[in-house]
Amino acid sequence: MAIRCTLVNCTCECFQPGKINLRTCDHCKHGWVAHALDKLSTQHLYHPTQVEIVQSNVVFDISSLMLYGTQAVPVRLKILLDRLFSVLKQEEVLHILHGLGWTLRDYVRGYILQVGSMPPKTFT
Ligand SMILES: [Zn+2]
Ligand SMILES: [Zn+2]
């Protein structure tokens with residue numbers, strides 16, 4: 001997936017996880033969230049009146065934007081994720097969380113208590 005940078009005047013076309021800091025783009029040196037916003041806006045998540053069928057792979061993409069390489073979820077993003085997860089089956093939610101290095105407990109808490117191994121790289 002190509003995630004453009006949303007900062008004005010930035011021509012970066014695709015987020016590239018940094019070698020030192022996963023959440024900093026190697027192309028343009030801007031942060032992950034600046035890029036993630038591009039993806040979010042294309043998913044119409046901020047138009048709750050449009051009922052959409054949420055598919056688990058779409059939820060995975062969005063979740064990865066928020067959870068991948070981080071150890072805490074900002075509250076506003078967590079509310080969004082909770083809404084997305086509420087339409088999925090529990091197994092699907094667990095699968096997504098585990099794929100991103102999170103357990104359900106950590107997710108419910110909002111941050112990872114014990115920093116273990118980093119999640120597998122999902123960007124190619
Ligand atoms: Zn940028
Ligand atoms: Zn970038």
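Read the numbers this way: they start at 1 and go in the same order the structure lists the ligands and their atoms. We count residues from 1, following the sequence as given.
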Practice item. Examine the side chains of T103 and D106 and answer whether a donor and an acceptor come within less than 3.5 Å of each other. Key: yes

Point to revise | Cluster link L7 to W32, ILVMFWY, side chain under 4.5 Å | key: no

Review point. Is any N, O or S atom of C14 under 2.8 Å away from the Zn ion (ligand 2)?
Key: no

Review point. With a cut-off of 2.8 Å, does any N, O or S atom of C12 fall short of it relative to the Zn ion (ligand 1)?
Key: no

Practice item. May I ask you to decide if Y68's main-chain N or O and R23's side chain share a donor-acceptor pair within less than 3.5 Å? Key: yes

Check your understanding: Is the distance from the Zn ion (ligand 1) to the nearest N/O/S atom of C10 under 2.8 Å?
Key -> yes

Review point. How are the rings of F15 and H35 set to each other: parallel, tilted or perpendicular (split at 30° and 60°)?
Key: perpendicular

Check your understanding: Do the ring planes of W102 and Y107 sit parallel (below 30°), tilted (30 to 60°) or perpendicular (above 60°)?
Key -> perpendicular

Review point. If you check every N/O/S atom of H35, which is the one nearest the Zn ion (ligand 2)?
Key: NE2

Study note, to complete from the structure: When L81, L97, L84 are each screened for side chain to side chain contact (heavy atoms under 4.5 Å, CB included) with S63, the one that passes is L81

Check your understanding: If you stand at the Zn ion (ligand 1) and look out to SG of C28 and SG of C5, what angle do those two lines make, to 10°?
Key -> 120°

Review point. Is H30 close enough to the Zn ion (ligand 2) to have an N, O or S atom under 2.8 Å?
Key: no

Practice item. Taking both backbone and side-chain atoms into account, decide whether C25 has an N/O/S atom under 2.8 Å from the Zn ion (ligand 2). Key: yes

